[in-house]
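The structure under discussion appears below in the form of C-alpha cells.
Letters A, B, ... are given to chains in the order of the sequence lines, protein chains preceding strands, and every chain is numbered from 1.
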2 protein chains.
Amino acid sequence: MSKKFIIAVDLGGTNLKLGLLNLDFKIIHKEVLRTRKFFRKESLISAIVTCVNTILEARGLKRSDILGIGLGLPGPVDEKNGIVHFFPNIPGWKEVRLKKILSKRLRLPIFLDNDANLMTLAEYKLGAARGFKNSLCITLGTGVGGGLIINGSLYRGSSNAAGEIGHVPINEEGARCNCGARGCLEAYIGNSRIIQEARRLFRRDISLEELSLLAKRHNRLALNTWSKVARRLGLALCGVVNLLNLDAIIIGGGVANAGEVLLDRVKKAINEQAMSVQAKQVKIFKAKLGNDAGLIGAAILVKLNS
Amino acid sequence: MSKKFIIAVDLGGTNLKLGLLNLDFKIIHKEVLRTRKFFRKESLISAIVTCVNTILEARGLKRSDILGIGLGLPGPVDEKNGIVHFFPNIPGWKEVRLKKILSKRLRLPIFLDNDANLMTLAEYKLGAARGFKNSLCITLGTGVGGGLIINGSLYRGSSNAAGEIGHVPINEEGARCNCGARGCLEAYIGNSRIIQEARRLFRRDISLEELSLLAKRHNRLALNTWSKVARRLGLALCGVVNLLNLDAIIIGGGVANAGEVLLDRVKKAINEQAMSVQAKQVKIFKAKLGNDAGLIGAAILVKLNS
C-alpha cells in the first residue's frame, strides 16, 4: 500500500502544534500543546514522540502509511544534517541532533527546517506567493522573520540562515537590537515595540488587536502608529527590492492582521522610494495560510524530499 | 574553421573600451576611446561599429572567426531583448533597441548586460569570487553598484535590475540620494561624498589617491575618513549578509584601492554586527580583475550564451 499521509510538527515559543496531512496538504487532524509545559529538551522531544504515536493510533494508521515527519523549528538549524543550532526563545537547546534522535524513536523519515523557511515554502506552493518566482515572505510577530524564494526555489543561503529581514539595519544611529547590532528593523517593528509606541501615544495600555480595530475606524493616533510601522518596514523593503528585484512580498504574522491599513502604507513607501524598475515589478500581498502555514510548510518539505 | 575570438565592449561614463579576447578570456587587443567625444547616441553607436571593423581588419580576422560581441553598459537594460532602458550618466538614450541595431550593422551575434552584472560574472568565473556560489560583487566609484551570484549563477532578479546595493538605505533620516530616496548607501560612500567628507576634515582639497596613501601612513584624519566609509558600507553589508547568508563579498572599483585600510574595517563591522552564523560564513575580498573586469565579463556573457 502506498504512503498516504504526512505528519507535520510546528514548534513555536508559545505552541507546539502537530498535524496529520494528506498528500494534497489538507490538514486532517490537529493537536495543539503549550510549549512551556515542557521545560526540558527531553520532555519536549518525548511530547512530540508521544503525540505522533497517539495520532497514528487514533487514526488507525500504520507507519507504512506515513511518508515522513516534517518539523518547523523556531531558530537556526542545519537542515541537511538535521541539527538544531539553538532556539532564541526556548532554553536548553544547543547543537541537538534532533533528526537522529527522532528517527530512532519514531522509525520514520524525519525532515526539519526553520519556521520562516517553511512558512515561505507554504505561501509559495499554496498561498499568496504562488507563481512569484522571486519573492520574500515576512512574518511580523514578536520577532520579524522571513524567507526567500529565488528562481522558483526556497533560497537557504550558504548555511541555511538566509531570510533574516528582521535584522536588516535601517538606522545607523538606531536602538540596540536583541541580536546585538544597532537599528535592525526588528528593533523598530517587533510586537513589543509597536505596543510600546502605541502606549506612549495613547497614554494607556492597548493591544495590537485594538490598535488594528481603531485604525480601521480612522482613529488618528492608531493610524499614526501604523504609519510609523509601515514607514520603517517600507524602508527596509526598499533596500531588499532594490537589491533583489523581486516579484512579490508576502506579509504575514499577527501584526499583518492590521490589514490594508498597513499594506497600503507599505506599498506607498515602496512606490515612493524604491528604484523605478524594481518598484514597478514588485507586488505586496497579505499571507494567505495564516496559522497553518507552519504545518503545511513542514508537510511540503517532507514531500519535496521524499 | 571554428570561432576563436570574442569582441567585448565596455561602455562607461568616461571611457569606451573595446577588446578582442580569445576563448580563455585573455585580452589580445584593446582600444580605449573617450565616451564624451560622442555627444549623440548615433555617433556613439557608429564609433562602436567602426572600432569593431577596425579591430577585425587590423588583426586580419573574418566575421566567421568571431563567436559574438558582448557589451557592458552603464545603466538598466533588458538583457533578453537587448534593449537599453536609459543611462543615468549619458544623455539621449531611452528604450534603445541596441542589440537589433548592432546585429544589423555588424552582422554578428550581439549580447548585452549592465556593467555591474558583467563585473560580477567576471569575478565569479575568473576572479576573487571564484568558487563562492553565493556572493555579492560591489563596485565603489562615483556610484555604488553591485551584482549577485546566487546558487552559482548570476542572479538578475525579475526585470534584470537586481544588485543595487548602492540603493540600500542605511539611515531613515539620511540625506537625499540621486535616486530620490533617503539615506541610501551611495549617498554616503559615493566618490564625491568621501572627498567632501575628507575636505571638511583636512580643510583643503584632497584626492582619493592621497587619502588612501595617507591612511597607509597612519594619518589620523585619513584613517577617520576611511573608518566612516567602512562603518557605513559594513552596516549595509550586515543587512545583506543577514538576508542572503553569502559565502563572499568582493569589493572593487576605484575606492577599493584604499585596500586593507578599508577591507579590514569592513570585516570588523560585519563580525561585530551581523548575525553569528552569517558573519562566520562570509569572506571579504578585494576584486581581482580591476579595470578589465568589464571586458572580461562581456566576453564571458557571449560564451555562456553561445
Side-chain angles (χ1 to χ4, degrees), chain A residues 76 78 85-86 132-136 146 148 150-151 153 155-174 177 179-185 188 231-232 234-236 238-248 269 272-278 280-282, chain B residues 76 78 85-86 132-136 146 148 150-151 153 155-174 177 179-185 188 231-232 234-236 238-248 269 272-278 280-282:
Chain A
D78 170 348
H85 294 312
F86 64 93
F132 295 106
K133 296 202 161 182
N134 298 311
S135 47
L136 170 70
L148 283 163
I150 295 285
N151 294 329
S153 300
Y155 172 71
R156 301 176 183 279
S158 297
S159 34
N160 200 35
E164 291 287 4
I165 174 78
H167 301 283
V168 166
I170 57 166
N171 192 337
E172 53 174 342
E173 287 135 19
C177 177
C179 78
R182 207 171 263 291
C184 292
L185 179 64
Y188 287 97
R231 187 159 52 83
R232 264 86 181 243
L235 190 71
C238 280
V240 175
V241 154
N242 286 344
L243 188 69
L244 296 179
N245 185 201
L246 300 170
D247 294 310
E272 284 173 3
Q273 291 180 83
M275 299 176 88
S276 58
V277 177
Q278 284 91 328
K280 222 169 129 185
Q281 182 75 37
V282 74
Chain B
D78 170 349
H85 294 312
F86 64 93
F132 296 106
K133 296 203 162 184
N134 298 312
S135 48
L136 169 70
L148 284 163
I150 295 285
N151 294 329
S153 300
Y155 172 71
R156 300 176 185 279
S158 297
S159 34
N160 200 35
E164 292 287 3
I165 174 77
H167 301 283
V168 166
I170 57 166
N171 191 338
E172 52 175 342
E173 287 135 20
C177 178
C179 79
R182 207 171 263 292
C184 291
L185 178 63
Y188 287 97
R231 186 160 53 83
R232 263 86 182 243
L235 190 71
C238 281
V240 175
V241 155
N242 286 344
L243 187 69
L244 296 179
N245 185 201
L246 300 170
D247 295 310
E272 284 174 3
Q273 292 180 81
M275 300 176 86
S276 59
V277 176
Q278 284 91 327
K280 222 170 130 185
Q281 182 73 38
V282 73

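- Between atom CG of residue A:N171 and atom CD of residue B:E173 there is a gap of 5.5 Å, rounded to the nearest 0.5 Å.
- Residues satisfying the side chain to side chain donor-acceptor pair (under 3.5 Å) test with B:R182, not counting sequence neighbours, are none.
- Contact count versus chain B (heavy atoms, under 4.5 Å) is highest, among A:P169, A:A181, A:S276, for A:P169.
- The most heavy-atom pairs under 4.5 Å with chain B, out of A:R156, A:M275, A:E272, come from A:M275.
- The most heavy-atom pairs under 4.5 Å with chain B, out of A:C179, A:G180, A:G163, come from A:G163.
- Counting heavy-atom pairs under 4.5 Å between each of A:L185, A:L246, A:V282, A:L235 and chain B puts A:L235 at the top.
- Heavy-atom pairs under 4.5 Å with chain A were tallied for B:S159, B:C177, B:G174, B:C184; the largest tally goes to B:S159.
- A search for side-chain contact (heavy atoms from CB on, under 4.5 Å) contacts involving A:C238 returns A:I270, A:Q273, A:A274, not counting sequence neighbours.
- Chain B forms more heavy-atom pairs under 4.5 Å with one residue of A:K133, A:R231, A:Q278 than with any other, namely A:Q278.
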(request) Tell me, with the steps shown, if A:V277 and B:N160 meet side chain to side chain contact (heavy atoms under 4.5 Å, CB included). (result) CA-CA 9 Å; A:V277 177; B:N160 200 35; over 6 Å; no
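- In terms of heavy atoms, A:L243 sits closest to B:V168 at CB-CG2, 4.4 Å.
- Distance check: B:R232 CZ to A:E172 CD gives 4.0 Å after rounding to the nearest 0.5 Å.
- How far CG of A:N242 is from CD1 of B:I165: 10.0 Å, rounded to the nearest 0.5 Å.
- Residue A:N151 holds its CG atom at 7.5 Å from CG of B:N151, rounded to the nearest 0.5 Å.
- Nearest heavy atom pair, residue B:L244 against residue A:Y155, reads O-OH, 2.8 Å.
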